[in-house]
Amino acid sequence: MRDYREFLQEILIDPHTLQARIAELGAEISRDYADSGGNLILLCILRGGVVFLVDLMRHITIPHMLDFMAISSYGVGKRESNGNVRLTMDLSTNIRGKDVLIVEDIIDSGYTIASVIELLQTRQPRSLKVCALLDKVERREANVPIHYRGFVIPNKFVFGYGLDIDEYYRNLPFIGVVDLEKYQPE
Ligand code: IMP
Ligand code: MG
């Protein structure tokens with residue numbers, strides 16, 4: 001596996017900046033759901049959202065539950081989601097009457113989150129909101145609400161802090177931009 005320094009174009013968001021913003025989001029969520037009465041469920045979209053989730057939840061000071069679902073939209077080697085989103089792992093909680101907050105790494109075209117919202121609405125949660133660490137707003141094709149947003153980023157392929165390149169590099173503590181001319185899949 002290649003060292004990321006060979007294709008890192010720039011560090012877009014450093015660890016300190018990430019953590020400071022995530023603390024703010026956690027505080028905001030804690031205030032907004034203060035009256036939820038233990039009905040808040042953080043629903044993490046695997047796998048990219050997991051690093052964000054574990055940092056975010058430690059800044060949420062009100063009682064809440066966790067669940068996970070997995071969606072597949074990009075095939076390995078592909079860089080665009082095409083709207084053909086597939087549910088590969090369903091959540092296990094009954095969300096009827098609950099306050100569901102979807103925790104996602106990045107909203108790009110918006111197709112992934114739009115189809116997740118459509119599916120979850122059929123299960124009649126009391127409320128359904130979206131918390132996304134990154135928003136590639138220029139790329140948006142599907143009209144989706146983002147209630148909590150970490151950072152708006154430019155239209156560049158990024159990695160680290162949960163986001164992968166062909167399933168690797170999720171562990172890096174920063175958000176980096178890939179130099180696609182230098183990155184060749186092995
Ligand atoms: P969308 O359906 O186009 O909004 O794509 C959302 C999904 O694509 C995210 O959950 C990520 O898994 C993936 N994705 C989009 N942009 C990037 C990126 O720059 N780096 C890594 N993954 C990305
Ligand atoms: Mg993802």
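Here the structure is a predicted model, which is why all the values come from computation and not from measurement. Every number for a ligand or one of its atoms is a count from 1 in the order of the listing.
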(Q) Would the distance check show the side chain of R170 and the main-chain N or O of G162 forming a donor-acceptor pair, the cut-off being under 3.5 Å? (A) yes
Run the numbers for me: atoms of ligand 1, each under 4.0 Å from some heavy atom of [X], listed by number.
| X | value |
| --- | --- |
| K136 | 16 (N), 17 (C), 18 (C), 19 (O) |
| T112 | 1 (P), 2 (O), 5 (O), 6 (C) |
| E104 | 10 (O) |
| D164 | 21 (C) |

(Q) Looking at ligand 1, is there an atom of it that comes within less than 4.0 Å of some heavy atom belonging to I71? (A) no
Q | Min heavy-atom dist K156 to ligand 1 below 4.0 Å | A | yes
Q | Cationic N near anionic O, under 4.0 Å, D90 to R123 | A | yes
Q. Is any NZ, NE, NH1 or NH2 atom of the basic residue among E28 and R31 found under 4.0 Å from an Asp or Glu carboxylate oxygen of the other?
A. no
Q | Polar proximity ligand 1 side, G110 side, N/O cut 3.5 Å exclusive | A | yes
Q) Judging by distance only, is a nitrogen or oxygen of F157 under 3.5 angstrom from one on ligand 1? A) no
Q. Just how far is it from atom OH of Y33 to atom CD1 of I62, taken to the nearest 0.5 Å?
A. 8.5 Å
Q. Can you name the residues that form a ring-ring contact (aromatic ring centres under 6.0 Å, His included) with F68, not counting sequence neighbours?
A. none
Between side-chain atoms of residues 147-155 and protein atoms elsewhere (two or more places apart, or another chain), which donor-acceptor pairs fall under 3.5 Å?
| unit_1 | atom_1 | unit_2 | atom_2 | d |
| --- | --- | --- | --- | --- |
| H147 | ND1 | V130 | N | 3.0 |
| Y148 | OH | D32 | OD2 | 2.6 |
| R149 | NH1 | D135 | OD2 | 2.3 |

Q: Specify the closest pair of heavy atoms between P173 and Y161, including all atoms of both residues, with the distance to one decimal.
A: O-CD1, 4.1 Å
Q: Measure D105 to ligand 1 on non-hydrogen atoms and call it side chain, backbone, both or neither using the 4.0 Å cut-off.
A: side chain
Q. Where does I106 meet ligand 1, judged by heavy-atom distances below 4.0 Å: at the side chain, the backbone, both, or neither?
A. both
Q.
Are the side chains of Y169 and D164 in contact, using a 4.5 Å heavy-atom criterion?
A. no
(Q) On a heavy-atom basis, I'd like to know which of G48, S109, S72, G176 is closest to atom 3 (O) of ligand 1. (A) S109
